[in-house]
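A quick write-up on the structure given underneath.
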Amino acid sequence: MPKAKISALGCFAPPGVLTNKDLEKLVDTNDQWIFDRTGIRERHIASPEMATSDMAAAAARCALAQRGIEATEINAIIVCTVTPDHMFPSTACLVQNAIGARGAWGFDLIAACSSFVYGTTVGAHLVMAGTHKKVLVIGADTMSRIIDYTDRATCVLFGDGAGAVIIEPAGEDEGELGFIDFLGEVDGSGGDFLKMPAGGSRLPASHDTVDKRLHFVHQDGSQVFKYAVRKMYETCRDVLQRNGLTGEDVAIMIPHQANKRIITAAGDRLGIAPEKVMINIDRYGNTTAGTIPLATRDAIAEGRLKKGDLVLLAAVGAGYTVGASLWRWAF
């Protein structure tokens, strides 16, 4: 099988910013309380006319420009999101049309905060199967549209943003660069602890569901926190061990940015030095499927991720969903 590599990365964060000080005016909270418990100082918020497909297309155009190719060269588009523009058509269809990726097929992938890890894994396997030459994987979420800004337990956590990568075969001269391995798990028994209760076939939209604010994110924070700390560590540990590696071998860990305390706890237990764990939640908050590509961009910009580095991606999300993947960075 050909080896799959990430050959380009593009990101987009909307210009509007909501700071902790701004939130103090909306709910009973304060800047220090938010930062101490989450590590967040501000988050980007999309303007009313901007939807998930707009951010996804913007990120995709950045990735295409970095790679120096036209959208018509893309074979497949995977959009990872829990905030699609519509129930249907898929956001992938909207992105395909927006960027002019004629001839591409695609679909949306819903795994909440684990979506980007899952999407890049699927994209890598499409390439390794030999059936695809260039796969566009996008993580994009407009979380501000499903957040209740009267609920201080959730409104302080989330922001909007998008990131896109192009996955394609590695050249024969590129050695071990590219995708190495993936380990994932879903545990539906935890589904009630983090969800948007209404809007699907179980509870279709009605006056009652709107009045009860059931179209917003509902979370049992303590349950999610405990599960995320344990499973992010266990999944990363297991995928490293399966490949004869330890935390010391990792050049950089790029985890989903849900909570700084979750990230540092997992890194500590894995034996990964703090300076090798990427954290940028202070600038973006939790953008769900957008966190890992945004953090990857910042890691490159800060000189912390370079060609040939062993990268560990990890996430835990609603569902529950869990995923960790290993890559040898290719650019």
Side-chain angles (χ1 to χ4, degrees), residues 2-13 50-86 88-111 114-142 160-171 177-179 182 254 287-297 300 311 313 315 323 325 327 329-331:
K3 202 157 179 70
K5 68 175 183 179
I6 294 174
S7 60
L9 167 70
C11 292
F12 176 83
M50 181 176 289
T52 296
S53 68
D54 299 317
M55 295 195 301
R61 293 186 188 101
C62 290
L64 291 166
Q66 185 185 82
R67 183 66 180 86
I69 62 173
E70 299 296 324
T72 51
E73 295 187 45
I74 297 298
N75 307 129
I77 300 170
I78 303 172
V79 177
C80 310
T81 187
V82 293
T83 56
D85 289 28
H86 315 285
F88 60 90
S90 72
T91 310
C93 289
L94 303 179
V95 172
Q96 177 273 330
N97 185 58
I99 66 174
R102 294 184 301 277
W105 73 290
F107 55 91
D108 290 1
L109 188 156
I110 301 175
S114 303
S115 294
F116 190 77
V117 177
Y118 285 21
T120 48
T121 299
V122 173
H125 281 82
L126 290 176
V127 168
M128 292 189 297
T131 57
H132 295 71
K133 295 297 185 184
K134 291 181 176 64
V135 179
L136 178 65
V137 180
I138 306 168
D141 273 300
T142 319
D160 304 333
V165 295
I166 297 171
I167 301 177
E168 59 183 293
L177 298 182
F179 178 79
F182 165 81
I254 305 179
T287 58
T288 306
T291 66
I292 289 178
L294 284 165
T296 302
R297 180 193 64 178
I300 293 171
V311 184
L313 307 181
S325 62
W327 297 76
W329 200 247
F331 69 89

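Fair warning: this is a prediction, and the values are worked out from it, not measured in the lab. We're numbering straight along the sequence, starting at 1. Worth knowing before you read on, the calculation uses all heavy atoms, side chains too, and leaves out hydrogens, waters and symmetry mates.
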CA sep, side-chain torsions, deciding dist, call: I254, W327, side chain to side chain contact (heavy atoms under 4.5 Å, CB included): CA-CA 11 Å; I254 305 179; W327 297 76; over 6 Å; no
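- Once rounded to the nearest 0.5 Å, the distance linking CD1 of I166 with CD of E73 reads 9.0 Å.
- Within the 4.5 Å cutoff, no side-chain heavy atoms of C80 are placed close to those of Y118.
- Between atom CD1 of residue I99 and atom CD of residue E70 there is a gap of 10.5 Å, rounded to the nearest 0.5 Å.
- Note that OG of S114 and CG of L313 are 11.5 Å apart. Values are rounded to the nearest 0.5 Å.
- Across all their heavy atoms, I74 and A104 have their closest contact at O-CB, 3.4 Å.
- A donor and an acceptor atom, one from each side chain of T91 and D85, are nowhere located under 3.5 Å apart.
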List the steps, then state whether side chain to side chain contact (heavy atoms under 4.5 Å, CB included) holds for I78 with V122. CA-CA 9 Å; I78 303 172; V122 173; 3.8 Å; yes
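- Put simply, the side chain of L94 reaches to within 4.5 Å of the side chain of P89, judged on heavy atoms.
- Side-chain atoms of T131 come within 3.5 Å of backbone N or O of L126 as a donor-acceptor pair.
- No side-chain heavy atom of I167 sits under 4.5 Å from any side-chain heavy atom of S7.
- Residue E168 forms a salt bridge (charged side-chain N to carboxylate O under 4.0 Å, His left out) with just one option from K5, K3, R67, and that option is R67.
- Contact annotation: the side chain of T81 never approaches that of I110 to less than 4.5 Å [non-hydrogen atoms, C-beta and beyond].
- Under the side-chain contact (heavy atoms from CB on, under 4.5 Å) criterion, N75 pairs with H132, K133, K134, not counting sequence neighbours.
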Step-by-step side chain to side chain contact (heavy atoms under 4.5 Å, CB included) determination, T296 to W329: CA-CA 11 Å; T296 302; W329 200 247; 3.7 Å; yes
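- The shortest distance between side-chain heavy atoms of T291 and F116 does not fall below 4.5 Å.
- Summarising the geometry of A164 relative to A63, their closest heavy-atom pair is O-CB, 3.8 Å, with the distance given to 0.1 Å.
- Taking all atoms of both residues into account, the shortest heavy-atom contact from G106 to A92 is C-CB, 4.0 Å.
- Remark: side-chain polar atoms of D54 are paired, donor with acceptor, to backbone N or O of A51 under 3.5 angstrom.
- Separating the CD atom in Q66 from the CZ atom in R297 is a distance of 11.5 Å, to the nearest 0.5 Å.
- V95 has its side chain within reach of I138: a pair of non-hydrogen atoms, C-beta onward, lies under 4.5 Å apart.
- Contact detail for P2 and P169: the closest heavy-atom pair is CB-CB, 4.4 Å.
- You'll find the ring centres of H125 and F179 inside the 6.0 Å limit.
- Counting all heavy atoms, side chain and backbone alike, C11 lies closest to C62 at O-SG, 3.8 Å.
- Between the side chains of T83 and D141, at least one donor N or O lies within less than 3.5 Å of an accepting N or O.
- The nearest pair of heavy atoms linking A162 to L294 is O-CD2, 4.0 Å.
- A heavy-atom distance below 4.5 Å is not found between the side chains of T120 and V135.
- Rounded to the nearest 0.5 Å, atoms OG1 (T121) and CE (M128) are 8.5 Å apart.
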